[in-house]
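What follows is a short report on a single structure.
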Amino acid sequence: MMDAIYTQGILMAETLQQKTKSQEKLWLIATHLGDPKAAFLLIFPLAYFLSKKTGAAIVWVAAITEWFNLIFKWMLFGERPFWWIGESHLYENNPPKVNQFASTCETGPGSPSGHAMVTAAVWWVMVSSLGSRLYSRTHSVLIAAVPYLFYLLLLVAVGLSRIFILAHFPHQVIVGSLTGLILGVILSRRVPEHRPLRFYVCCSLGLLIGTLLFHTALGQLGINLSWSISLAKKWCSHPEWIRLDTAPFSSLTRDCGAILGLGLAQHWKPEGWTLPWAPRALCLALSSMALYHVNRLPLPIQPQPLFYGLFFLKFIIVPQVVMVFIPGLVQLLTAKKKKD
């Protein structure tokens, strides 16, 4: 039965690539927008300078949702289209006319889609907050529904982009979107506020140690959790497209680092900086530039523990940049200008 589902998924990907080849750049933009790290590097600063509460919620929801996605992937053992085509041996005489892309060759299992799951959860926080504000100001259901329409279109675009580049099968995208929506609704109502730093330290260490113990336990049961990495390396058309930052432990260290970073930022500046709209727009621009360069910092891939340690530190820094460093700098400069 699964072979039939996978075969239909390959057919859909082939049709999508052939029928929408001219929109390839748009699909690649959509898949990059749905990347879980985009929640921390792009959506978080945008949300934070619109609403501090929403910004903090974005980090929390993104980290917890991506962690759940990692656990689900280890439990469900989902195939990915780009390696299933070769492993199934169903296409030896008639291979499908499909292409891989630089974003195709992710090394984790395929089910559920992390892009769809994190996008659904994080953007729910954004659109539900915006929709509530619009309704409270306009009392118009139609105007308040506009963000939800955007939300639906975004989920469809991200989901189709994942199918287009052979990263996921359609059912993996659907499951990821629905799971992400459920988590977004639940987690957005349970965002920790005014918690001490030790709460975030415990959360970060709890996720890290708990996941490592879970990984070890599955290994002791004879379950090889590295199976997807070997298949990705085997069937990726360009070896340089295999990146360590797509490995399961990279998402784990990113989530743990972001949670700890959120706690540190709230510890340093509990109420944040109070800035008018113009300085906030400047903060958004400067934060985006800073995070762009933080993301581009080259990390040594060997030894791998060093890579993961530095990756962890990188995402500790992200909330500090957005919530403490850049607003503090802008506050200092604007206060000095008023004084002069």
So side chain to side chain donor-acceptor pair (under 3.5 Å) across residues 194-207, not counting sequence neighbours, yields Tyr200-Gln266
Tell me yes or no: between the side chains of Trp27 and Gln23, is some donor less than 3.5 Å from an acceptor?
no
Here the gap from Arg162 atom CZ to Gln172 atom CD, rounded to the nearest 0.5 Å, amounts to 10.0 Å
Indicate whether the side chain of Thr104 and that of Trp241 have a donor and an acceptor atom separated by less than 3.5 Å.
no
How about Ile301: does its CD1 atom have over 12 heavy atoms from other parts shown lying under 6.0 Å from it?
no
Phe312 backbone acceptor or donor facing Arg254 side chain under 3.5 Å
no
Would you mind listing the cluster partners of Val141? Hydrophobic ones only (ILVMFWY), side-chain contacts under 4.5 Å, chaining allowed.
Tyr135
State whether the number of non-hydrogen atoms from other residues, nucleotides or ligands found under 6.0 Å of Lys52 atom NZ is greater than 12.
yes
Hey, could you give me the CZ/OG distance between Arg80 and Ser113, rounded to the nearest 0.5 Å?
7.5 Å
Atom pair CD1 (Ile43) and OG1 (Thr119), whose distance is rounded to the nearest 0.5 Å
6.5 Å
Please report the interatomic distance CD1(Ile64) to CG(Leu183), rounded to the nearest 0.5 Å.
9.5 Å
Once ring-ring contact (aromatic ring centres under 6.0 Å, His included) is applied, what residue pairs with a partner in residues 40-59 remain, sequence neighbours excluded?
Phe40-Phe315
Is it true that a side-chain atom of Ser128 and a backbone atom of Val125 form a donor plus acceptor pair closer than 3.5 Å?
yes
Looking at residues at least two apart in the chain, or sitting in another chain, which of them share a ring pair (Phe, Tyr, Trp, His ring centres under 6.0 Å) with Phe150?
Trp123
Within a reach of under 6.0 Å around CD of Gln302, are more than 12 heavy atoms found that belong to other residues, nucleotides or ligands?
yes
Pro327 and side-chain contact (heavy atoms from CB on, under 4.5 Å): which partner among Leu332, Leu282, Thr274, Leu275?
Leu275
Partner residues of Val146 under the side chain to side chain contact (heavy atoms under 4.5 Å, CB included) criterion, sequence neighbours left out
none
Checking one residue: Leu153. Which other hydrophobic residues are in its cluster under the side-chain 4.5 Å linking rule?
Leu149
Going by atom types only, do Gln100 and Trp235 share a side-chain donor-acceptor pair under 3.5 Å?
no
Ring pair (Phe, Tyr, Trp, His ring centres under 6.0 Å) assessment of Phe72 paired with Trp67
CA-CA 9 Å; Phe72 291 157; Trp67 178 81; 8.6 Å; no
